[in-house]
2 protein chains.
Amino acid sequence: MDVRRLELLRELAERGSITEVARATHRTPSAVSQQLRVLEREAGLPLTEKAGRGIVLTDAGRALARSATDVAIALERADALWDEFRHDPTGEVSLATFPTGGQMLLPGVLHRLAGQSGLTLHASDRDPVSEGFPDLTNDFDIVVAHAPSRPPSLWYGRGLSIVHLITEPLDVALPPGHPLADQASVSPSDLIGEQWIGVPWGYPFERTLYDISAAAGAPVNIVQRFADTRVTEALVSSGLGVAILPRYTAGGAYLTSDSLPRVALKPLSGMRAERHIYALMRPDRAERLAVRTIADLLRAEADAIREANPTRS
Amino acid sequence: MDVRRLELLRELAERGSITEVARATHRTPSAVSQQLRVLEREAGLPLTEKAGRGIVLTDAGRALARSATDVAIALERADALWDEFRHDPTGEVSLATFPTGGQMLLPGVLHRLAGQSGLTLHASDRDPVSEGFPDLTNDFDIVVAHAPSRPPSLWYGRGLSIVHLITEPLDVALPPGHPLADQASVSPSDLIGEQWIGVPWGYPFERTLYDISAAAGAPVNIVQRFADTRVTEALVSSGLGVAILPRYTAGGAYLTSDSLPRVALKPLSGMRAERHIYALMRPDRAERLAVRTIADLLRAEADAIREANPTRS
DNA sequence: CCTGAACCGGTAGCGTTCCTACATGGACGT
DNA sequence: ACGTCCATGTAGGAACGCTACCGGTTCAGG
């Protein structure tokens with residue numbers, strides 16, 4: 001039983017097709033197929049079965065793939081151990097984040113990282129359009145994701161390592177001269193009749209809009225829908241409506257001219273409106289010293305942001 | 001970082017010399033040396049250093065070897081998992097035991113095993129002369145050992161898997177017509193003045209003789225010393241002295257003629273006299289389904305023996 | 001119904017890897 | 001000083017895993 005073969009089985013379990021595994025591991029599909037065939041012969045029972053054009057794992061195959069994860073974890077832990085012996089968290093770490101998460105965390109992380117030479121972070125942003133955001137952990141060491149509720153139950157089933165980074169309040173963004181802008185906080189009933197700048201269907205903050213609607217007992221009137229909070233913020237700033245925006249990322253430095261007015265962020269009273277930001281990692285990758293270092297930096301930066309913003313719920 | 005190389009490092013940590021590792025893994029010393037050299041180059045720091053004719057591991061080498069154990073455990077667990085999927089605890093298990101341990105447990109275990117075909121047990125006995133009994137775990141899947149005290153602290157340091165099988169009382173063996181043979185139990189002071197059949201220096205029960213001597217406040221008079229309990233028992237049976245014998249193994253069926261009288265076993269009162277019997281396994285080997293099956297049989301047989309002998313402490 | 005796309009699997013051949021056989025060199029004991 | 005033991009180099013051979021290429025199957029669309 002070879003570890004490399006087990007690793008292939010594991011990739012197959014996570015990616016679902018031999019071609020995808022081949023692409024991810026820089027091999028030919030034929031090579032992958034051959035190795036899996038050898039593994040199956042060693043196992044003595046079928047690990048895959050045909051399903052249409054592709055194949056699916058049998059129960060035995062899935063179980064074996066799970067144990068392959070434990071092997072990978074032990075291996076990466078050994079790797080990390082001797083990295084520690086060299087005091088050398090060197091290497092490359094890839095990171096994917098949703099846009100506002102990167103905006104909030106990456107500047108600080110990269111500044112902290114400037115001290116640590118030899119450790120390079122390749123970050124890129126992805127739109128959290130699809131529900132398959134956790135799938136990115138197959139291709140990135142760290143995936144910064146967010147969810148409205150505390151434990152994203154869907155993620156646990158995949159055995160992902162989950163690090164909670166920060167809980168970010170979702171505020172109501174108002175134009176500067178808005179009547180409600182003088183209040184310390186606004187309640188859902190205050191907002192009846194407002195025009196809303198929302199997000200596209202299925203996007204993150206939609207749930208909060210529903211909650212407001214339910215709490216106020218009146219529908220929210222969504223006149224525009226944008227995925228990019230910069231657009232939303234520009235519209236709110238121009239007095240075209242109100243919106244839900246995350247507290248630590250809205251009102252930032254991305255307005256082109258300093259003379260332009262910003263938005264007023266007001267906490268929502270009488271209801272819970274927040275999003276939880278997590279770092280997701282495949283458990284084997286989470287063992288790498290370089291990955292753990294970056295994860296620690298992310299958490300440190302998130303803590304700094306939380307402390308710099310006094311709680312005014 | 002290859003698993004096979006890590007495994008070699010682990011073997012080196014346990015066996016101490018490249019030649020021994022080569023012999024154990026059916027390779028040439030040169031091959032072992034080459035692979036360790038590659039591993040060292042990958043690690044980027046020295047794993048071994050010369051010591052006289054041989055080599056010793058550096059601290060880093062030992063640490064890496066420890067993590068290699070975790071990898072081996074994960075691998076064996078995967079192996080066992082798919083054995084379970086096939087409902088097939090097949091394979092060969094090697095076992096080493098001290099003589100009376102084998103006498104007590106092996107007949108029952110082998111009978112129980114007769115039902116399970118495809119699983120073969122290769123057992124052999126070793127004299128527990130040396131202190132290096134746990135070293136046998138390198139060459140045997142299961143080592144049945146005994147110790148006078150509860151947790152043999154020396155064994156824990158090696159990270160061995162330890163399964164407690166049974167606590168066997170150590171009784172006083174008396175000739176059938178001996179004056180004390182009518183009592184339910186005998187105390188150390190009862191035994192003052194007796195002639196003892198002991199064990200060679202450093203052998204298991206010697207400590208109990210010391211304890212008796214201390215409790216009685218008088219020295220014990222050891223006139224003969226034998227390692228084999230059959231000899232001891234034959235002498236006691238002939239009225240040539242008394243001895244300490246383990247309750248479940250003494251008085252057995254190994255007297256040649258049925259007409260010969262046996263010995264009377266009397267519990268020692270007023271002091272603790274017992275030995276603890278354990279199954280020792282290297283943790284990776286302990287994961288194998290076949291090994292676990294045999295270990296379970298050992299424990300079942302030990303439980304049966306304990307229940308068949310009512311406690312009359 | 002036929003065609004094209006997507007995917008899995010088989011075969012031949014090549015490159016890499018890892019082992020053996022043999023030889024070298026240092027450390028220890030007699 | 002010599003033999004022994006142990007680790008470690010070098011050359012060659014065998015095995016393994018990959019690529020390139022081809023065939024078979026399934027499914028969607030005209």
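All values reported here derive from a predicted model rather than from experimental measurement. Letters A, B, ... are given to chains in the order of the sequence lines, protein chains preceding strands, and every chain is numbered from 1.
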Can you give each donor-acceptor pair under 3.5 Å made by side-chain atoms of residues 70-80 of chain B, sequence neighbours left out, with the distance rounded to 0.1 Å?
| residue | atom | partner | partner atom | Å |
| --- | --- | --- | --- | --- |
| B:Arg77 | NE | B:Glu287 | OE1 | 3.2 |
| B:Arg77 | NH2 | B:Glu287 | OE2 | 2.9 |

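- Scored by the salt bridge (charged side-chain N to carboxylate O under 4.0 Å, His left out) test, A:Asp83 finds A:Arg86 as partners (sequence neighbours excluded).
- Residue pairs satisfying the salt bridge (charged side-chain N to carboxylate O under 4.0 Å, His left out) criterion with at least one member in residues 47-59 of chain A, sequence neighbours excluded, are listed as follows: A:Asp59-A:Arg62.
- Note: CD (B:Glu49) to P (D:dA7) measures 14 Å, nearest angstrom.
- Protein atom CG of B:Leu12 is 8 Å distant from nucleotide atom P of D:dA7, rounded to whole Å.
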Between the protein and nucleotides 23-30 of chain C, which nitrogen or oxygen pairs come in under 3.5 angstrom?
none

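- Of all the residues in residues 14-36 of chain B, B:His26, B:Arg27, B:Thr28, B:Ser30, B:Ala31, B:Gln34, B:Gln35 reach under 4.0 Å from DNA chain C with at least one non-hydrogen atom.
- Not a single salt bridge (charged side-chain N to carboxylate O under 4.0 Å, His left out) links B:Asp125 to another residue, sequence neighbours left out.
- Under the rule for a side chain to side chain donor-acceptor pair (under 3.5 Å), B:Arg207 has no partner lying at least two apart in sequence or in another chain.
- Within the structure, every side-chain polar atom (N or O) of B:Arg37 is placed at least 4.0 Å from both OP1 and OP2 of D:dA7.
- Residues that satisfy the side-chain contact (heavy atoms from CB on, under 4.5 Å) test with B:Arg4, not counting sequence neighbours, are B:Asp2, B:Arg27.
- What separates CZ of A:Arg4 from P of D:dC16 is a distance of 13 Å, to the nearest Å.
- Per the geometry, CG belonging to A:Asp2 stands 14 Å off C1' belonging to D:dC18, to the nearest Å.
- Side-chain polar atoms of A:Arg230 and A:Thr100 form no donor-acceptor pair below 3.5 angstrom.
- Whole-Å rounding puts the A:Leu39 CG to D:dC16 P distance at 15 Å.
- A:Glu40 meets the salt bridge (charged side-chain N to carboxylate O under 4.0 Å, His left out) test with no other residue; sequence neighbours excluded.
- Salt-bridge check for B:Glu92 with B:Arg288: failed, with every basic side-chain N at 4.0 Å or more from each acidic carboxylate O.
- Evaluation of the side-chain contact (heavy atoms from CB on, under 4.5 Å) rule for A:Arg37 yields no partner, not counting sequence neighbours.
- Legend: residues meeting salt bridge (charged side-chain N to carboxylate O under 4.0 Å, His left out) with B:Glu11, ordered by chain and number and at least two apart, are B:Arg15, B:Arg282.
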Protein N or O to nucleotides 14-17 of chain C N or O, pairs below 3.5 Å:
none

